[in-house]
Enquirer: 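Before we start, here is the structure in question, set down as structure tokens.
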Amino acid sequence: MTGQVIQQVTLESGEMRACLLSYGAITQGWWYKGIPMILGYDDPMDYLSDRNYLGAIVGRVANRIAGASFALDKALFALDANEGRNTLHGGRLALSHQHWTLAQVAENEAVLCLNSPDGDCGFPGQVQFELRITLEYPRLTYSITAQTDRPTPISIAQHNYYSLGSTTGVSDHLLKLASDRYLDTNDQGTAYGPVSKSVGGSMDFCSAKPIKEAGADLDHFFVFGTDAKQPAAEVTAPNGLKLKLWSDQPGAQIYTGGGLSDPFAPRAGLCIEPSGYPNAPNVAAFPSILCTPERPYRQTLTLEITEGAA
């Protein structure tokens, strides 16, 4: 699978540029006025051994599925256990580790497609994925759709590590979330529900505050509010660059990059991964992520860079 040639295209709009790869539908780079907004490797081949999902599209089901299994229509589906007993981001050879078909349709837009066969990493159903990436200064938009031939869970996440030009990490970046609740997890980092917790103390980002005030590294799913007109998340770097993120998903995993390693330092970048609730196939109280031929999957993620005082 990894013996295929990795294709690459570059999008441009105004003072923005983005570089995309066919492998993993990865966003290799995104620049604002020449300043890198995300972490990435210069050599596309380095992504073949990357363990951090840098810039990738992850799924079929993002985040963790407990026990690497789920039941559907009285059948038990065994998945690829790639993080202890659990499945992380769909499995070892999931969407982030497959070669997508990449086509550039305009100077500022590209489409990537992937056919995921029935049984891929243990998931039922054949699924046709399409990702449309559009660069319209000062915004970068990801539009994802999926059509399945039978009921199957789908919950995609885009996995950029946002740095906003910093060379010293994101601990001093200000983070604000349109969220007053987060999901509880067990000692394996798996959400189990059914009740979300109210944010408070170090977990409260309703008002902007430095990421380092969270104390320990964050790796939690925050539930978004219902005002779609407001950004779901805002990140402001000490250099004055601000990222605003809009999402139609119910929440996002916030990961402060504590597990990053050579060539990147811990907390060199911040992940904001909008998706459906993690472990939803195993928690009846969570919103369903089940897709059917009659209910295809759709997600839109919009990112915007602005400038101003931190």
Enquirer: Could you tell me whether the side chains of Tyr142 and Thr27 share a donor-acceptor contact shorter than 3.5 Å?
Expert: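 Present: a donor and an acceptor within the cut-off.
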Enquirer: Please enumerate all residues that pass ring-ring contact (aromatic ring centres under 6.0 Å, His included) together with Tyr297, with sequence neighbours excluded.
Expert: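 Once residues adjacent in sequence are excluded, Tyr297 has no partner under the ring-ring contact (aromatic ring centres under 6.0 Å, His included) criterion.
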Enquirer: Compare every heavy atom of Pro153 with every heavy atom of Val61, then report the nearest pair and how far apart it is.
Expert: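 The answer is CG2-O, 3.6 Å.
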Enquirer: Taking only residues at least two apart or on different chains, which pairs with a member in residues 48-61 satisfy salt bridge (Lys or Arg N to Asp or Glu O under 4.0 Å)?
Expert: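 Of all non-adjacent pairs touching residues 48-61, none passes salt bridge (Lys or Arg N to Asp or Glu O under 4.0 Å).
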Enquirer: Do Thr306 and Leu241 touch side chain to side chain, with heavy atoms closer than 4.5 Å?
Expert: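 A side-chain contact under 4.5 Å is absent here.
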Enquirer: Grab the two heavy atoms, one from Ala157 and one from Glu273, that are nearest each other, plus how far apart they are.
Expert: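 Residues Ala157 and Glu273, closest heavy atoms: CB-CB, 4.0 Å.
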Enquirer: Examine distances only and state if a side-chain atom of Thr256 and a backbone atom of Gly258 form a donor-acceptor pair shorter than 3.5 Å.
Expert: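 No; zero donor-acceptor contacts below 3.5 Å.
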Enquirer: Taking Gln4 for the side chain and His99 for the main chain, is one N or O donor matched with an acceptor at less than 3.5 Å?
Expert: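 Judged by distance alone, no pair lies under 3.5 Å.
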Enquirer: Spell out, yes or no, whether Leu301 and Tyr161 are grouped together once hydrophobic residues are joined by side-chain heavy atoms under 4.5 Å, including indirect joins.
Expert: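 Leu301 does not cluster with Tyr161.
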Enquirer: Find the distance between CD1 (Ile144) and OG (Ser275) and round it off to the nearest 0.5 Å.
Expert: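 Nearest 0.5 Å value for the CD1-OG distance: 10.5 Å.
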Enquirer: Give the cluster check for Phe221 versus Leu175: same hydrophobic cluster or not, with ILVMFWY residues linked at side-chain heavy-atom distances below 4.5 Å.
Expert: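 No.
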Enquirer: Taking C-beta and beyond as the side chain, do Ser116 and Phe129 meet within less than 4.5 Å on heavy atoms?
Expert: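 They are in side-chain contact.
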Enquirer: Pairing donors with acceptors under 3.5 angstrom, does anything connect the side chains of Tyr192 and Asp184?
Expert: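 Looking only at side-chain atoms, Asp184 and Tyr192 do form a donor-acceptor pair, the distance falling under 3.5 Å.
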Enquirer: Please check if the distance between the ring centroids of Tyr47 and Tyr41 is under 6.0 Å.
Expert: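 Yes, they do, as the ring centres are separated by less than 6.0 Å.
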Enquirer: The criterion is side-chain hydrogen bond (donor to acceptor under 3.5 Å, both in side chains); which residues satisfy it with Gln8, sequence neighbours excluded?
Expert: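 Counting only residues at least two positions away or on another chain, Gln8 forms a side-chain hydrogen bond (donor to acceptor under 3.5 Å, both in side chains) with Gln28.
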Enquirer: Please answer whether the main-chain N or O of Tyr162 pairs with a side-chain N or O of Asn160 as donor and acceptor at a distance below 3.5 Å.
Expert: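 Not a single qualifying donor-acceptor pair exists.
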Enquirer: Restricting to side-chain hydrogen bond (donor to acceptor under 3.5 Å, both in side chains), what partner residues turn up for Thr134, sequence neighbours left out?
Expert: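 Result, side-chain hydrogen bond (donor to acceptor under 3.5 Å, both in side chains) vs Thr134: Glu109.
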Enquirer: Ignoring hydrogens, what is the shortest heavy-atom contact between Ala191 and Leu183? Give both atom names and the distance.
Expert: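 So the minimum-distance heavy-atom pair works out to CB-CD1, 4.1 Å.
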Enquirer: Check the pair Ile133 / Leu112 against side chain to side chain contact (heavy atoms under 4.5 Å, CB included), numbers first and verdict last.
Expert: CA-CA 8 Å; Ile133 302 178; Leu112 298 98; 4.0 Å; yes
Enquirer: Residues two or more places apart in sequence or in another chain: which of them pass side-chain contact (heavy atoms from CB on, under 4.5 Å) with Pro210?
Expert: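 In terms of side-chain contact (heavy atoms from CB on, under 4.5 Å), with neighbours along the sequence ignored, Pro210 is linked to Leu174, Lys212, Glu213.
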Enquirer: Is a donor on one side and an acceptor on the other found under 3.5 Å between the side chain of Asp180 and the backbone of Val199?
Expert: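 The answer is no, because no donor-acceptor pair under 3.5 Å joins these two groups.
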Enquirer: Do Gln126 and Asp118 meet the criterion of a side-chain donor-acceptor pair at a distance under 3.5 Å?
Expert: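 Per modelled atom types, Gln126 and Asp118 side chains form no pair under 3.5 Å.
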Enquirer: Quick check: does any side chain N or O of His159 sit under 3.5 Å from a backbone N or O of Cys271, one acting as donor and the other as acceptor?
Expert: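 Such a contact is absent between His159 side chain and Cys271 backbone.
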Enquirer: Quick check for you: to the nearest 0.5 Å, what is the distance between Glu294 atom CD and Thr292 atom OG1?
Expert: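 Answer rounded to 0.5 Å: 4.5 Å.
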Enquirer: Side chains of Asn115 and Gln128: is there a donor and an acceptor less than 3.5 Å apart?
Expert: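 Note: Asn115 and Gln128 side chains meet the donor-acceptor criterion.
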Enquirer: Flag the pair Tyr277 / Val223 as yes when at least one side-chain heavy-atom distance between them is below 4.5 Å, and no otherwise.
Expert: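 They are in side-chain contact.
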Enquirer: Side chains of Trp30 and Pro36: does their closest heavy-atom pair fall under 4.5 Å?
Expert: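 A side-chain contact under 4.5 Å is absent here.
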Enquirer: Could you measure the distance from the OG1 atom of Thr101 to the CG atom of Leu131? Nearest 0.5 Å is fine.
Expert: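 Between Thr101 OG1 and Leu131 CG, I get 12.0 Å after rounding to 0.5 Å.
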Enquirer: Could you work out, with salt bridge (Lys or Arg N to Asp or Glu O under 4.0 Å) as the rule, every residue matching Asp80, not counting sequence neighbours?
Expert: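 In terms of salt bridge (Lys or Arg N to Asp or Glu O under 4.0 Å), with neighbours along the sequence ignored, Asp80 is linked to Arg92.
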Enquirer: A side-chain contact here means heavy atoms from C-beta on lying under 4.5 Å apart; do Tyr182 and Lys197 qualify?
Expert: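 A side-chain contact under 4.5 Å exists here.
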Enquirer: Using only heavy-atom distances, determine whether the side chains of Asp219 and Gln253 contain a donor-acceptor pair under 3.5 Å.
Expert: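 Per modelled atom types, Asp219 and Gln253 side chains form a pair under 3.5 Å.
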Enquirer: At what distance, to the nearest 0.5 angstrom, does CD1 of Ile65 lie from CG of Leu79?
Expert: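 Interatomic distance, Ile65 CD1 to Leu79 CG, rounded to 0.5 Å: 5.0 Å.
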Enquirer: Using atom types as modelled and distance alone, determine if a side-chain donor or acceptor of Tyr255 lies under 3.5 Å from a backbone N or O of Leu218.
Expert: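 No; judged by distance alone, with no hydrogens or angles, the pair does not exist.
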Enquirer: Report yes or no: does Asn86 contribute a side-chain atom to a donor-acceptor pair with the main-chain N or O of Ala68 at less than 3.5 Å?
Expert: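 It does not hold such a pair.
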Enquirer: Which residues pass the side-chain contact (heavy atoms from CB on, under 4.5 Å) test with Asp43, not counting sequence neighbours?
Expert: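 Partners of Asp43 by the side-chain contact (heavy atoms from CB on, under 4.5 Å) criterion, ordered by chain and then number, come out as Met45, Asp46.
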Enquirer: Without swapping roles, check the side chain of Asn186 against the backbone of Gly189 for a donor-acceptor pair under 3.5 Å.
Expert: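 Looks like yes, one N/O pair under 3.5 Å.
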Enquirer: Is the side chain of Ser13 donor-acceptor paired with the backbone N or O of Tyr137 at a distance under 3.5 Å, no angle test?
Expert: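 Here the side-chain-to-backbone pair exists.
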Enquirer: If I compare all heavy atoms of Met203 with all of Lys209, which pair ends up nearest, and what's the gap?
Expert: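 Nearest pair, atom of Met203 first, then Lys209: N-NZ, 4.4 Å.
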Enquirer: I'd like to check the side-chain contact (heavy atoms from CB on, under 4.5 Å) partners of Asp248; sequence neighbours left out, ordered by chain and number.
Expert: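 If we apply the side-chain contact (heavy atoms from CB on, under 4.5 Å) test to Asp248, skipping adjacent residues, the hits are Gln299, Thr300.
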Enquirer: Applying side-chain contact (heavy atoms from CB on, under 4.5 Å), name anything that partners Pro296, two or more places apart in sequence or on another chain.
Expert: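 Checked Pro296 against side-chain contact (heavy atoms from CB on, under 4.5 Å); matches are Gln147, Arg298.
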Enquirer: Flag the pair Phe70 / Phe77 as yes when their ring centroid distance falls below 6.0 Å, and as no otherwise.
Expert: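 Yes, they do, as the ring centres are separated by less than 6.0 Å.
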Enquirer: Quick one: do Lys242 and Glu307 satisfy salt bridge (Lys or Arg N to Asp or Glu O under 4.0 Å)? Show the steps, please.
Expert: CA-CA 6 Å; Lys242 174 178 283 190; Glu307 297 182 64; over 6 Å; no
Enquirer: Rounded to the nearest 0.5 Å, how far apart are OG1 of Thr141 and CZ of Arg132?
Expert: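 Going from OG1 on Thr141 over to CZ on Arg132, the span is 12.0 Å.
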Enquirer: Nearest 0.5 angstrom please: Leu102 CG to Cys113 SG, how far?
Expert: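 The SG atom of Cys113 is 9.5 Å from CG of Leu102, to the nearest 0.5 Å.
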Enquirer: Could you name each residue pair satisfying salt bridge (Lys or Arg N to Asp or Glu O under 4.0 Å) that touches residues 254-270, not counting sequence neighbours?
Expert: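 Checked against salt bridge (Lys or Arg N to Asp or Glu O under 4.0 Å) - neighbours excluded - the pairs reaching residues 254-270 are Asp217-Arg267.
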Enquirer: Going through the distances and angles, do Met37 and Ile305 end up as a side chain to side chain contact (heavy atoms under 4.5 Å, CB included)?
Expert: CA-CA 9 Å; Met37 297 293 99; Ile305 299 295; 3.6 Å; yes
Enquirer: So do the side chains of Trp246 and Glu304 get within less than 4.5 Å of each other, counting heavy atoms only?
Expert: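 Trp246 reaches Glu304 side chain to side chain.
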Enquirer: Would you mind listing the cluster partners of Val58? Hydrophobic ones only (ILVMFWY), side-chain contacts under 4.5 Å, chaining allowed.
Expert: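 Other cluster members: Tyr53, Leu88.
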Enquirer: Work out which heavy atom in Thr152 is nearest to a heavy atom in Pro124; give both atom names and the distance.
Expert: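 So the minimum-distance heavy-atom pair works out to OG1-O, 2.8 Å.
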Enquirer: Flag the pair Thr302 / Leu245 as yes when at least one side-chain heavy-atom distance between them is below 4.5 Å, and no otherwise.
Expert: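 Sidechains of Leu245 and Thr302: no contact.
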Enquirer: Would Ile26 and Leu54 satisfy side chain to side chain contact (heavy atoms under 4.5 Å, CB included), going step by step from the backbone distance to the final call?
Expert: CA-CA 7 Å; Ile26 285 170; Leu54 260 72; over 6 Å; no
Enquirer: With sequence neighbours left out, which residue pairs that include part of residues 198-208 fulfil the side-chain hydrogen bond (donor to acceptor under 3.5 Å, both in side chains) condition?
Expert: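 Sorted pair list: Arg181-Ser198.
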Enquirer: Backbone N or O of Ala106 within a donor-acceptor pair of the Gln104 side chain at under 3.5 Å?
Expert: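 Answer holds: yes.
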Enquirer: Considering all heavy atoms of both residues, which atom of Pro231 and which atom of Ala178 are nearest to each other, and what is their separation?
Expert: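 For Pro231 and Ala178, the tightest heavy-atom pair comes out as O-CB, 3.7 Å.
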